[in-house]
Amino acid sequence: MTERATVDMWFDPACPWAWITSRWLLEVERVRPVDIRFNVMSLSVLNQGRDLSPDYLSFLEKAWGPVRVCMAAEEAAGPQVLRDLYTALGTRIHLRKYEFGEQLYTEALTEVGLDPALADAAGSNAWDDALRGSHDAGMKPVGMDVGTPVIHAPGPDGSDDKIAFFGPVVTPAPKGEAAGRLWDGVLLVAGTPGFFEIKRTRDVGPVFD
């Protein structure tokens, strides 16, 4: 890419790996001609009806809250608000270890200049149709066998064909030119026709540097 291009990321605020990937993308934005646009997907939606452990089901039940708040905020203030709101939520969830609940939502909403009453959306299904629409827009090009993060990038030479993929799952988030080189490599492999997967076993947990 030589001209600036918009790259879309789909996130669930509850996912630590998506959080790290998002911080990497913000570094990429500094060193490559891309502008990152944030969109909401939902692990709770993705995993509905699946046979999962009781602990993970409990986590998914709580994870409805943050994504609903994000959708209510997007409706109230436009999609551009998601960048700062995700940062406000993610900082509290992943770095400060807040529990999902009213304090998390009201503090994050207040930080980005939104009505803290939007925190009430966490317990309402009023935004679930919009949430599912956003979720599906992100997931359909990559399939439902992956989670978050999902990234859509412009095709080669700015073509309308998107390069869509899950990941990368990386920790800690590369900084500076290292972030740019990873971006170059990810686009190279993800943009190769017929390329589906490269993977190795994770031997460390998320590092929030």
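Starting from 1, each residue takes its place in the sequence as its number.
- Val31 and Val34 sit in two unconnected hydrophobic clusters of ILVMFWY residues. Membership requires side-chain heavy atoms under 4.5 Å apart, directly or through other members.
- Although no hydrogens or angles enter the test, the distance criterion places a donor-acceptor pair under 3.5 Å between the side chain of Asp12 and the main chain of Leu43.
- A donor-acceptor pair under 3.5 Å is absent between the side-chain atoms of Arg30 and the main chain of Leu26, judged by distance alone.
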Let's go through Leu85 and Leu109 carefully: what are the C-alpha distance in whole Å and the side-chain angles of both, what is the deciding distance for side chain to side chain contact (heavy atoms under 4.5 Å, CB included) to 0.1 Å, and is it a yes or a no? CA-CA 7 Å; Leu85 182 57; Leu109 289 162; 4.2 Å; yes
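- There is a path of hydrophobic side-chain contacts, each under 4.5 Å, that joins Phe208 to Met9.
- The shortest non-hydrogen separation linking Leu182 to Pro168 is CD2-CG, 4.5 Å.
- Atom CG of Leu46 and atom CG of Asp145 lie 9.0 Å apart (nearest 0.5 Å).
- The aromatic ring centroids of Trp10 and His152 lie less than 6.0 Å from each other.
- Thr91 places a side-chain N or O within donor-acceptor distance of the main-chain N or O of Thr87, the cut-off being under 3.5 Å.
- Closest heavy-atom contact between Val142 and Val150: CG2-CG2, 3.9 Å.
- The side-chain heavy atoms of Met71 and Ser134, taken from C-beta on, include a pair separated by under 4.5 Å.
- Atom CD1 of Ile198 is surrounded by 12 or fewer heavy atoms from other residues, nucleotides or ligands within 6.0 Å.
- At a threshold of 4.0 Å, the pair Arg32-Glu177 counts as salt-bridged, since one of the basic side-chain nitrogens sits closer than that to a carboxylate oxygen.
- In this structure, the side chains of Trp64 and Asp128 come closer than 4.5 Å at one or more pairs of heavy atoms.
- Going from atom CE of Met41 over to atom OG1 of Thr148 covers 5.0 Å, rounded to the nearest 0.5 Å.
- Separating the CG atom in Asp115 from the OG1 atom in Thr106 is a distance of 11.0 Å, to the nearest 0.5 Å.
- In this structure, Lys140 places its NZ atom where only 12 or fewer heavy-atom neighbours from other residues, nucleotides or ligands lie under 6.0 Å away.
- In plain terms, the two heavy atoms of Ala73 and Leu114 that are nearest each other are CB-CD1, 3.6 Å.
- A single hydrophobic cluster is seen to contain both Ile36 and Val40, as judged by linkage of ILVMFWY side chains at heavy-atom distances under 4.5 Å, directly or through other members.
- A pairwise comparison of heavy atoms in Val28 and Ala179 identifies CG2-O, 3.6 Å as the closest pair.
- Using modelled atom types, no side-chain atom of Arg37 and backbone atom of Val7 make a donor-acceptor pair closer than 3.5 Å.
- Annotation: the span from Arg92 atom CZ to Glu99 atom CD amounts to 15.0 Å, rounded to 0.5 Å.
- Side-chain contact between Leu25 and Ile151 is present, with at least one heavy-atom pair separated by less than 4.5 Å.
- Thr171 places a side-chain N or O within donor-acceptor distance of the main-chain N or O of Val207, the cut-off being under 3.5 Å.
- For the pair Trp183 and Pro174, the minimum side-chain heavy-atom distance is 4.5 Å or more.
- With hydrogens and angles disregarded, a donor-acceptor distance shorter than 3.5 Å links the side chain of Ser44 to the backbone of Leu60.
- Under a 3.5 Å cut-off, the side chain of Ser22 and the backbone N or O of Trp19 do form a donor-acceptor pair.
- With a 4.5 Å cut-off on side-chain heavy atoms, Asn39 and Glu74 do not count as touching.
- One hydrophobic cluster holds both Tyr98 and Leu118 under the rule that ILVMFWY side chains link at heavy-atom gaps under 4.5 Å.
- When every heavy atom of Pro116 is checked against every heavy atom of Thr110, the shortest pair comes out as CB-OG1, 3.8 Å.
- A heavy-atom distance below 4.5 Å is found between the side chains of Pro13 and Val67.
- Between the CG atom of Asp120 and the CZ atom of Arg68 there is a distance of 12.5 Å, given to the nearest 0.5 Å.
- The number of heavy atoms from other shown groups lying within 6.0 Å of NZ (Lys199) does not exceed 12.
- Stacking of Arg23 on the aromatic ring of Tyr86 is recorded, both the 6.0 Å distance cut-off and the 45° axial limit being met.
- Contact check for Leu188 versus Phe195: no side-chain heavy atoms found under the 4.5 Å cut-off.
- More than 12 non-hydrogen atoms from other residues, nucleotides or ligands lie less than 6.0 angstrom from CG of Asp35.
- Remark: Gln80 CD is packed, more than 12 non-hydrogen atoms of other residues, nucleotides or ligands lying under 6.0 Å away.
- Nearest heavy-atom pair across Ala122 and Tyr105 is CB-CE1, 3.5 Å.
- Interatomic distance, CZ of Arg50 versus CE of Met144, reported as 9.0 Å (0.5 Å rounding).
- Not a single salt bridge (charged side-chain N to carboxylate O under 4.0 Å, His left out) links Glu61 to another residue, sequence neighbours left out.
- Under the 4.5 Å side-chain heavy-atom criterion for ILVMFWY residues, no single connected hydrophobic cluster contains both Leu187 and Val189.
- The environment of Gln48 atom CD is dense: over 12 non-hydrogen atoms of other residues, nucleotides or ligands sit within 6.0 angstrom.
- At a threshold of 4.5 Å between non-hydrogen side-chain atoms, the residues Cys70 and Phe11 count as touching.
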